[in-house]
Enquirer: 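This is the structure I have questions about; it appears just below.
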Number of protein chains: 2
Amino acid sequence: MTDRSVPPPADAGGAAEQTGVGGAAGAEPATARGEAAGAEPATARGEQTRKLILDTAMRLFRERGYAQTTMRAVAKEAGVAVGNAYYYFGSKEHLIQEFYAETLVEHRTRAARVLATETGFAERLRGVLHAGVDTMTPSHEFAASFFKTAAEPTSPLSPFSTESSPTRDASIALFREALTGSTAKVDPELRDELPELLWLAYMGVILYWVYDRSPDQTKTRALINGAVPLIDRLVGLSRLRVLRPVTRDVLGLIRTLRQ
Amino acid sequence: MTDRSVPPPADAGGAAEQTGVGGAAGAEPATARGEAAGAEPATARGEQTRKLILDTAMRLFRERGYAQTTMRAVAKEAGVAVGNAYYYFGSKEHLIQEFYAETLVEHRTRAARVLATETGFAERLRGVLHAGVDTMTPSHEFAASFFKTAAEPTSPLSPFSTESSPTRDASIALFREALTGSTAKVDPELRDELPELLWLAYMGVILYWVYDRSPDQTKTRALINGAVPLIDRLVGLSRLRVLRPVTRDVLGLIRTLRQ
DNA sequence: CCGCCGTGTCGAACACGTTCAACTTCCCGT
DNA sequence: ACGGGAAGTTGAACGTGTTCGACACGGCGG
């Protein structure tokens with residue numbers, strides 16, 4: 001079920017400016033950055049309560065949408081007090097982090113089916129991209145409603161945030177596999193950077209998908225089907241003499257902009 | 001790297017506030033879609049109150065940031081009741097629409113200075129892009145804080161929304177002028193669509209800019225300075241025999257995806 | 001002069017996300 | 001066996017954006 005969404009380019013980072021409420025729930029507790037995080041359950045009962053709250057929240061999010069689901073409703077439905085939810089999750093947004101993980105797992109599973117059989121780069125890339133959209137499709141409405149939250153630069157839910165980096169790296173690995181497992185011949189200099197660029201393109205697809213109002217998001221499918229051959233051709237052409245300097249410049253720029 | 005093409009201040013003398021939107025007033029409210037908009041003032045007193053609220057809000061937004069500025073603070077500072085603000089503006093977000101208009105006006109002014117002198121496509125494009133960033137720079141923090149609300153697909157603040165289309169079209173026109181006023185030779189088929197693509201690239205630059213945490217957003221400047229020559233070269237190469245089919249495919253895809 | 005009604009104005013009230021001090025539960029060392 | 005304290009839990013309370021019924025203003029027809 002579910003998804004991941006997010007936008008653009010940039011560097012992660014993170015001085016929290018706002019109310020300073022952020023929070024890191026899932027990952028390591030207490031790094032140097034004074035994040036306000038949810039607690040990591042230490043007992044079996046705690047684990048159970050945490051899961052109960054999370055499952056209830058996810059169910060309500062999908063049933064009613066993100067904005068329409070109140071924390072009070074989640075607590076009531078789960079049979080706990082509101083404050084209890086905040087004991088485990090730093091904020092309503094943090095309840096969504098789980099969403100990323102779930103989505104990644106399913107994306108990986110779906111993608112594996114294609115990667116096991118196809119050998120052409122274009123077909124493998126196409127498969128991974130469609131697998132991602134397939135995974136997110138049931139949550140399209142939900143994703144759109146909380147997309148704004150993920151879009152905020154300071155949000156821990158931003159795909160570029162350090163908090164999302166495990167998920168992000170795993171996602172990039174998926175595109176790396178699509179490339180290395182293929183028979184495509186690629187400029188060796190480009191080969192190292194390409195997976196990240198493909199992931200960036202994937203973010204673009206997701207961005208389009210979130211805004212896509214066409215029935216069943218058929219336009220997003222068209223975007224994938226149209227863009228993949230172009231990318232494939234460009235990658236192939238990158239070894240061409242005329243385009244070599246362009247390739248080189250692109251790579252140089254990417255390296256400069258990434259931090 | 002770091003040359004900001006366009007000099008900053010334009011007019012001295014009185015605060016050139018100008019309603020900015022004024023011209024677009026012709027656009028009737030009330031389309032079929034029942035939008036929850038603010039009221040259009042019908043009396044002189046109403047106009048005055050509306051302006052008072054708007055100016056106060058913009059000032060506080062810039063002083064304290066978007067999230068830190070409460071509607072109660074705006075009302076109090078303006079000497080009116082909270083409900084009065086909601087009489088003219090449908091929501092807190094709607095107060096930001098003006099920001100777009102103001103930004104566009106200044107962008108246009110700054111860009112004009114470059115477009116009046118330069119003739120090369122690359123230099124003109126570079127000028128327009130830097131002019132845009134120049135315009136927004138004072139509001140970087142503010143922009144980041146409300147960016148999320150603009151990112152939401154259903155938000156009237158989305159750059160892709162129908163409510164933003166006047167501003168968007170005017171912005172695209174800026175890029176069209178950068179192209180048509182130049183000496184660049186472009187595939188005629190591409191010439192019509194290119195301005196919109198350049199605007200899209202501009203949205204990408206803004207996206208990067210919002211996330212840019214480097215001091216004075218120097219990385220965004222580097223992005224512009226690096227991307228412009230690439231775009232210039234690609235546009236030039238688009239007439240090449242090998243790339244003709246690619247160009248054609250790109251255009252076909254764009255046309256399909258645009259609604 | 002009166003009454004009317006559309007425009008403008010008010011501020012209490014609502015629902016929300018979030019916080020916090022107080023309470024309960026229950027494991028562990030003694 | 002027991003008591004101390006960490007883990008877990010509670011719900012009232014705070015500040016927010018937004019809504020809503022009531023009221024004030026002012027010009028115009030009678």
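The shown structure was predicted, so the numbers you read here are calculated from the model rather than taken from an experiment. Every chain is numbered from 1, with letters handed out A, B, ... down the list of sequences.
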Enquirer: By the 4.0 Å heavy-atom rule, please label B/Phe89 as base, sugar-phosphate, or nothing.
Expert: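 The answer is nothing, as B/Phe89 stays clear of every strand by at least 4.0 Å.
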Enquirer: State whether a side-chain donor-acceptor pair under 3.5 Å links B/Asp216 with B/Thr218.
Expert: no
Enquirer: Counting heavy atoms from C-beta on, name the nucleotide in C/dT18, C/dG8, C/dG17 closest to the side chain of B/Tyr87.
Expert: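 Of the options given, the side chain of B/Tyr87 lies nearest C/dG8.
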Enquirer: Return whichever of A/Gly83 or B/Thr69 has its heavy-atom-nearest nucleotide of DNA chain D closer to the 5' end.
Expert: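 Mapping each residue to its closest nucleotide by heavy atoms, the 5'-most match is A/Gly83.
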Enquirer: Would you tabulate the nitrogen or oxygen pairs shorter than 3.5 Å linking the protein to nucleotides 25-28 of chain C?
Expert:
none

Enquirer: Could you check B/Asp212, B/Val210, B/Val133, B/Leu223 and say which one makes a side chain to side chain contact (heavy atoms under 4.5 Å, CB included) with B/Gln217?
Expert: B/Asp212
Enquirer: NA contact type, A/Gly46, heavy-atom cut-off 4.0 Å: base, sugar-phosphate, or nothing?
Expert: sugar-phosphate
Enquirer: Do any N or O atoms from the side chain of A/Thr43 and from the backbone of A/Gly46 form a donor-acceptor pair under 3.5 angstrom?
Expert: yes
Enquirer: May I have all residue pairs that pass side-chain hydrogen bond (donor to acceptor under 3.5 Å, both in side chains) and include part of residues 64-75 of chain A, sequence neighbours excluded?
Expert: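 Matches after skipping sequence neighbours: none remain.
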Enquirer: Where do A/Tyr202 and A/Gly132 come nearest, in terms of heavy atoms and distance?
Expert: OH-CA, 3.4 Å
Enquirer: For B/Arg72 and for B/Ala39, find the nucleotide of DNA chain C with the closest heavy atom, then tell me which residue's nucleotide is more 5'.
Expert: B/Ala39
Enquirer: Phosphate oxygens OP1/OP2 of C/dT18: is one of them under 4.0 Å from a side-chain N or O of A/Tyr86?
Expert: yes
Enquirer: Say whether, by atom type as modelled, one donor and one acceptor occur between the side chain of B/His140 and the main chain of B/Trp209 under 3.5 angstrom.
Expert: yes
Enquirer: Going 5' to 3' along DNA chain D, which are the first and last nucleotides with any atom under 4.0 Å from a heavy atom of chain A?
Expert: D/dA7 to D/dA13
Enquirer: For B/Ser91 and B/His94: C-alpha separation, side-chain torsions, deciding distance, then whether side chain to side chain donor-acceptor pair (under 3.5 Å) applies.
Expert: CA-CA 5 Å; B/Ser91 73; B/His94 278 81; 3.0 Å; yes
Enquirer: Please check the phosphate of C/dT9 (OP1 and OP2 only) for any side-chain N or O of B/Thr49 closer than 4.0 Å.
Expert: yes
Enquirer: Nearest 0.5 Å please: distance from the CD atom of A/Glu77 over to the CG atom of A/Asp55.
Expert: 12.5 Å
Enquirer: Report yes if the side chains of A/Tyr100 and A/Leu104 come closer than 4.5 Å at any heavy-atom pair, otherwise no.
Expert: no
Enquirer: Give the rounded distance in Å between these two atoms: OH of B/Tyr88 and C1' of C/dC10.
Expert: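 It works out to 13 Å between those atoms.
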Enquirer: When you measure from the side chain of B/Asn84, which nucleotide among C/dT18, C/dC10, C/dC14 comes out closest?
Expert: C/dC10
